[in-house]
Novice: 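Pasting a structure below so you can have a look.
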Amino acid sequence: MAGIKDVAAEAGLSVATVSRVLNGHPSVSEDARRRVTAAVERLGYRPNAVARSLRTDQTRTLGLVISDVMNPYFTELARSVEEEARALGYSVIIGNADERPDLQDHHVTTLLDRRIDGLLVSPTDGGSPGMLGAARAGTPMVFVDRWIPGVDVPVVRSDGRAAVRDLVAHLHALGRRRLAIIAGPAATTTGRERVDAFREALAAHGLELPDAYIGQGDFQAGSGRRVTEGFLDLAEPPEVVFAADNLMALGALDAIRARGLRVPDDIGLAAFDDIPWFVHTDPPVTAVAQPVRDLGRAAVRALVDRIEGRPGESVTLPARLVVRRSCGEDDAGIESPSPVRRSTP
């Protein structure tokens, strides 16, 4: 592999001159710049990023620790983060915490050891020791999707309360009254927030959320299946199950079909976190959609601001209700409350 000395010999210049060209120093001549560029192309030379980072104290690399890479929401988020980072001249290293605090800390430690310039984290719980330590040590950091109250870190997230209110109003207009929720982990802000929003929306229509209609899930398909089976065993099963994330919704759908029941004829299904698959299910699933790509872009910009000495700002973007046919919409023919985007299946 060619080194900087090889480039200098090929260009007929000193190593110092080549170094100045590669580092964008303004004092080099245009002729020297052209000769170095041509030599680099002929030799296929690639600068040593690690050595450069020791000189500049920057690697132009960001770390992204996500809760579950198998969740389509986080897959799309990671893609958006990578695209925006690349546009700003940064690379991204991704760690999958798999909803485990110990894995989260492992990835945070590994990324910091690799001298990344800043961290994007979607916390798995109320704060693992390594991640909290990195935040308190002043590591440039931004929380995305989830956050930890009391930790002084910018948060980029969506607000789903209005969309959940729209969903409950929509279900109420369809004549549905017995509404249940598959909740996410209570240790996560999103898990708690979505249950609270659902309960508040029900109360606005004079409806209660009995304990029997709250099932504790973990943002995984298996828990959605298990909780839904429990709902179906009740003497008075719910008329609609609202899953607080997409994987739990898919698990709920499995449980319903395993009983030989049909959506929405026998029971309705709605989900938080819309995914492309939902338009291909039969029937297509009504869901709350988050602006995932916008969240990823905003998170990167906030982190780069912090890295480059500017104040990174928290950003909150609205979610929206996407009405399809999994709650009996065809039968009722009732228009959904505004603002709602109606999707064609």
Side-chain angles (χ1 to χ4, degrees), residues 62-68 71 73-74 77-78 81 94-113 116-164 181 183-200 214 216-219 244-245 272-273 288 290-292 294-319:
L62 309 179
L64 170 64
V65 181
I66 55 178
S67 305
D68 183 4
N71 187 318
Y73 168 83
F74 286 111
L77 180 70
V81 164
I94 300 174
N96 173 34
D98 200 26
E99 300 289 0
R100 288 172 47 188
D102 61 321
L103 270 183
Q104 177 174 271
D105 273 358
H106 166 76
H107 289 305
V108 167
T109 300
T110 300
L111 289 166
L112 292 177
D113 286 346
I116 50 110
D117 295 334
L119 269 173
L120 292 168
V121 183
S122 178
T124 60
D125 64 354
S128 54
M131 190 267 293
L132 288 176
R136 290 165 180 159
T139 303
M141 184 181 294
V142 169
F143 291 148
V144 58
D145 183 65
R146 307 175 187 178
W147 66 100
I148 300 175
V151 178
D152 187 20
V153 169
V155 179
V156 175
R157 66 182 186 93
S158 70
D159 184 353
R161 288 184 181 272
V164 172
I181 185 170
T188 64
T189 48
T190 48
R192 297 191 300 271
E193 185 180 71
R194 292 169 194 176
V195 173
D196 290 345
F198 191 62
R199 192 192 307 275
E200 291 169 7
I214 306 173
Q216 188 61 59
D218 59 5
F219 289 145
D245 94 321
F272 201 104
D273 281 342
V288 171
Q290 299 193 75
V292 188
D294 290 340
L295 290 172
R297 287 191 286 264
V300 171
R301 290 194 292 269
L303 182 57
V304 170
D305 280 345
R306 298 206 83 189
I307 292 168
E308 298 181 356
R310 298 182 296 274
E313 300 293 337
S314 293
V315 176
T316 302
L317 301 174

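Since the structure is predicted, the reported quantities are computational estimates derived from the model, not experimental observations.
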Novice: Which residue pairs satisfy the side-chain hydrogen bond (donor to acceptor under 3.5 Å, both in side chains) criterion with at least one member in residues 148-157, sequence neighbours excluded?
Specialist: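 Pairs touching residues 148-157 that pass the test: R157-E193.
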Novice: Indicate the atoms forming the closest heavy-atom contact of P123 with S67, along with that distance.
Specialist: O-OG, 4.0 Å
Novice: For a quick test of reading the model, state the closest non-hydrogen atom pair linking L119 to V65 and the distance between them.
Specialist: CD2-CG2, 4.3 Å
Novice: Between D196 and R161, is any pair of side-chain heavy atoms under 4.5 Å apart?
Specialist: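 Counting from C-beta outward, D196 and R161 do come under 4.5 Å.
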Novice: Answer whether the closest heavy-atom distance between the side chains of L62 and I307 falls below 4.5 Å.
Specialist: yes
Novice: Measuring only between side-chain heavy atoms, which start at C-beta, is P140 closer than 4.5 Å to L303?
Specialist: yes
Novice: For a 4.5 angstrom cut-off between non-hydrogen side-chain atoms, does R199 reach I214?
Specialist: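 Yes - at least one pair of side-chain heavy atoms lies under 4.5 Å apart.
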Novice: Which of these passes side chain to side chain contact (heavy atoms under 4.5 Å, CB included) with Y73: I66, D68, L295?
Specialist: L295
Novice: Within the side chain of D105, is there an N or O that forms a donor-acceptor pair under 3.5 Å with the backbone of M131?
Specialist: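 Checked: pair present.
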Novice: Show, in sequence, the C-alpha distance, side-chain angles and deciding distance for R100 and D98, and conclude whether the salt bridge (charged side-chain N to carboxylate O under 4.0 Å, His left out) test is met.
Specialist: CA-CA 5 Å; R100 288 172 47 188; D98 200 26; 5.1 Å; no
Novice: Check N96 against H107 and note the closest heavy-atom contact, atom names and distance.
Specialist: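 So the minimum-distance heavy-atom pair works out to O-NE2, 3.0 Å.
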Novice: I'd like to know if the side chain of Q216 and the backbone of G184 have a donor-acceptor N/O pair within less than 3.5 Å.
Specialist: yes
Novice: For T189 and W147, indicate whether the former's side chain and the latter's backbone hold a donor-acceptor pair under 3.5 Å.
Specialist: yes
Novice: Mind checking salt bridge (Lys or Arg N to Asp or Glu O under 4.0 Å) for D305 and listing every partner two or more places apart, or none if nothing turns up?
Specialist: R310
